[in-house]
Amino acid sequence: MDLLALADFNLVARHGGFGKAARATGRPKATLSRRVAELEASLALRLFERGGRNLKLTEEGGALHERTSVLLTELDETAAMIASGAEKPRGRLKISAPLLFSQTAMGRIAAGFALKHPDVRLEITTEDRPVDMIEEGYDLVIRVNPDPDESLVGRAFLHDRLVVVASPDLPAPAVDVAVPGVVRGAGHRQVWDVMTANGPLAISIEPILALSSLIMVRDAVRAGVGAACLPISLVSHDLADGTLQHWGDIEGSDIALWALYPSRRLLSARVSAFLDFLKQAFPNGTPDELAVYIGS
């Protein structure tokens with residue numbers, strides 16, 4: 001495949017027409033048209049729907065643009081780094097991160113990274129849903145306990161665990177006695193299996209509040225309305241100053257935050273720099289290190 005023709009195809013696709021691409025870049029319109037025609041001939045595919053005032057990508061053209069535009073950008077950035085003699089991170093870095101981590105730590109992390117690497121245009125979106133990194137153009141995603149995915153590689157950079165906490169004014173849990181609870185999501189009666197200082201205990205919870213955010217859950221528990229199951233990093237300061245009491249640890253509740261990127265891509269300088277920055281922010285990957293961000 002002719003890379004120059006492929007680059008011209010992506011140029012036309014990005015601008016939405018031969019004339020617009022020619023005016024934006026100063027390239028002759030006839031040259032762009034010829035290059036795209038040659039690419040279509042070599043692939044035996046029609047990449048654009050011609051006719052009318054607007055140029056539209058065909059289904060095949062859209063797939064080719066989606067999957068090659070990022071690769072061409074990486075080639076350009078690699079060439080620029082080699083020419084400058086240094087692998088200085090530059091260009092756009094698009095990251096998807098989960099809600100709670102974004103609310104508690106990502107703002108400060110993003111600011112620190114931007115100050116250290118001013119040539120990187122950092123874009124962070126907050127969402128807990130699974131994303132298609134290739135189709136949606138993400139360079140890196142941060143996820144909690146992700147399912148195995150052969151198309152992604154990465155590392156766990158932070159660990160947490162779940163604990164049951166309550167106001168000191170709430171009576172300690174007893175066997176076969178339901179206690180009022182604040183839960184995330186649907187408010188159905190449930191049982192929390194915890195490990196206490198005296199051994200395992202099944203705590204029966206009668207939800208009186210069902211909230212959509214763990215920050216909201218924590219704030220409600222602080223107000224003394226009931227018990228809750230929360231990451232220890234989110235309540236460690238409350239436990240230390242006695243605002244909340246620790247009823248026990250949820251068994252088998254290890255939480256791991258992973259930074260993931262596509263395995264078929266070369267690790268770009270900007271992704272590598274962000275991974276290094278996460279390592280500096282959380283050198284041991286402990287809940288106490290995350291609690292520093294939450295409590296400051």
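Predicted model, so just to flag it, every value in this text is computed and none were measured.
With hydrogens and angles ignored, the 3.5 Å screen pairs no side-chain donor or acceptor of Ser33 with any backbone N or O of Lys29. Under the 3.5 Å distance criterion, the side-chain polar atoms of Gln245 are matched with a main-chain donor or acceptor of Ser167. Proximity of a side-chain donor or acceptor of Asn145 to a complementary backbone N or O of Ala256 within less than 3.5 Å is detected.
At a threshold of 4.5 Å between non-hydrogen side-chain atoms, the residues Asp128 and Val144 do not count as touching. Side chains of Val165 and Leu230 form a contact here, defined as non-hydrogen atoms less than 4.5 Å apart. Counting heavy atoms from C-beta outward, Cys229 and Ile250 have side chains that approach closer than 4.5 Å. No side-chain heavy atom of Leu158 sits less than 4.5 Å from a side-chain heavy atom of Thr286. At least one side-chain heavy atom of Met106 sits less than 4.5 Å from a side-chain heavy atom of Ile142. No side-chain heavy atom of Phe274 sits less than 4.5 Å from a side-chain heavy atom of Asp139. Looking at Pro146 and Leu260, their side chains come closer than 4.5 Å, going by heavy atoms from C-beta outward. Under the 4.5 Å side-chain criterion, counting only non-hydrogen atoms from C-beta, Trp258 is not in contact with Leu152.
Listed by first and then second residue, the side-chain hydrogen bond (donor to acceptor under 3.5 Å, both in side chains) pairs involving residues 94-106 are Ser96-Glu127, Ser96-Arg143, Ser102-Thr126 (not counting sequence neighbours). Judged as a salt bridge (charged side-chain N to carboxylate O under 4.0 Å, His left out), the pairs with a partner in residues 226-243 (not counting sequence neighbours) are, in order, Arg222-Asp238. Counting only residues at least two apart or on different chains, no salt bridge (charged side-chain N to carboxylate O under 4.0 Å, His left out) pair has a member in residues 274-292. Sorted by first and then second residue, the salt bridge (charged side-chain N to carboxylate O under 4.0 Å, His left out) pairs with a member in residues 202-216 read Arg189-Glu206; sequence neighbours excluded. For residues 244-263, the pairs satisfying salt bridge (charged side-chain N to carboxylate O under 4.0 Å, His left out) are Arg161-Asp249, with sequence neighbours left out.
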Are Gln280 and Lys116 close enough, and set up right, to give a side-chain contact (heavy atoms from CB on, under 4.5 Å), and what steps lead you there?
-> CA-CA 12 Å; Gln280 294 168 13; Lys116 187 173 182 179; 3.3 Å; yes
Which is it for Tyr293 and Ile109 under the side-chain contact (heavy atoms from CB on, under 4.5 Å) test, yes or no, and what are the steps along the way?
-> CA-CA 9 Å; Tyr293 280 81; Ile109 290 172; 3.8 Å; yes
Dump the intermediate steps for salt bridge (charged side-chain N to carboxylate O under 4.0 Å, His left out) on Glu40 and Arg34, then the final yes or no.
-> CA-CA 10 Å; Glu40 288 179 317; Arg34 176 173 55 83; over 6 Å; no
Could you please spell out the steps behind the side-chain contact (heavy atoms from CB on, under 4.5 Å) verdict for Leu244 and His246?
-> CA-CA 7 Å; Leu244 295 176; His246 179 215; over 6 Å; no
Checking side-chain contact (heavy atoms from CB on, under 4.5 Å) for the pair Tyr138/Asp132: CA distance, chi angles, key distance, verdict?
-> CA-CA 8 Å; Tyr138 285 104; Asp132 188 319; over 6 Å; no
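Nearest heavy-atom pair, Pro207 versus Val183, reported as atom, atom and distance to 0.1 Å: CB-CG2, 4.0 Å. Among all heavy-atom pairs drawn from Pro168 and Thr243, the shortest one is CD-O, 3.1 Å. Closest of all the heavy-atom pairs between Ile232 and Pro287 is CG2-CB, 3.7 Å. Nearest heavy-atom pair, Trp247 versus Ala172, reported as atom, atom and distance to 0.1 Å: CZ2-CA, 4.1 Å. The shortest non-hydrogen separation linking Ala202 to Asp193 is CB-OD1, 3.7 Å. Considering all non-hydrogen atoms of both residues, Ile205 and Gly181 come closest at CG2-CA, 3.7 Å.
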Sequence neighbours excluded and cut-off under 3.5 Å, please list the side-chain donor-acceptor pairs for residues 213-221, or say none.
{"unit_1": "Ser213", "atom_1": "OG", "unit_2": "Ile215", "atom_2": "N", "d": "3.1"}

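At a cut-off of 3.5 Å, with distance as the only test, no side-chain donor of Ser69 or Asn10 sits close to an acceptor on the other residue.
With sequence neighbours excluded, the residues satisfying ring pair (Phe, Tyr, Trp, His ring centres under 6.0 Å) with Phe9 are Phe48. Arg121 is linked by a salt bridge (Lys or Arg N to Asp or Glu O under 4.0 Å) to nothing, counting only residues two or more places apart in sequence or in another chain. Here Leu201 pairs with Pro173, Val175, Val194, Thr196, Ile203 under the side-chain contact (heavy atoms from CB on, under 4.5 Å) rule; sequence neighbours left out. For Arg155, there are no side-chain hydrogen bond (donor to acceptor under 3.5 Å, both in side chains) partners, not counting sequence neighbours. Legend: residues meeting side-chain hydrogen bond (donor to acceptor under 3.5 Å, both in side chains) with Arg27, ordered by chain and number and at least two apart, are Asp8. Every residue two or more places apart in sequence or in another chain was checked for a side-chain hydrogen bond (donor to acceptor under 3.5 Å, both in side chains) with His117, and none qualifies.
Leu140 is not connected to Leu99 by any chain of hydrophobic side-chain contacts under 4.5 Å among Ile, Leu, Val, Met, Phe, Trp and Tyr, and they are in different clusters. In the hydrophobic clustering of this structure, Val179 does not group with Met195; members are Ile, Leu, Val, Met, Phe, Trp, Tyr whose side-chain heavy atoms approach within less than 4.5 Å, directly or through other members.
More than 12 heavy atoms of other residues, nucleotides or ligands shown are found within 6.0 angstrom of CD on Glu60.
Relative ring orientation between Phe157 and Phe101 is described as perpendicular, the plane-to-plane angle rising above 60° on a 0-90° scale split at 30° and 60°. Ring-plane geometry between Phe113 and Phe277 is classed as perpendicular, the angle between the planes exceeding 60 degrees on a 0 to 90 degree scale with a lower cut at 30.
Between Glu66 atom CD and Thr68 atom OG1 the span is 9.0 Å, to the nearest 0.5 Å. Between atom CD1 of residue Ile95 and atom CG of residue Leu122 there is a gap of 5.0 Å, rounded to the nearest 0.5 Å. Between atom CG of residue Leu57 and atom CZ of residue Arg46 there is a gap of 12.0 Å, rounded to the nearest 0.5 Å. The CD1 atom of Ile255 sits 7.5 Å away from the OG atom of Ser233 when rounded to the nearest 0.5 Å.
Here Arg129 pairs with Glu136 in a salt bridge; the nearest charged N to carboxylate O distance falls below 4.0 Å.
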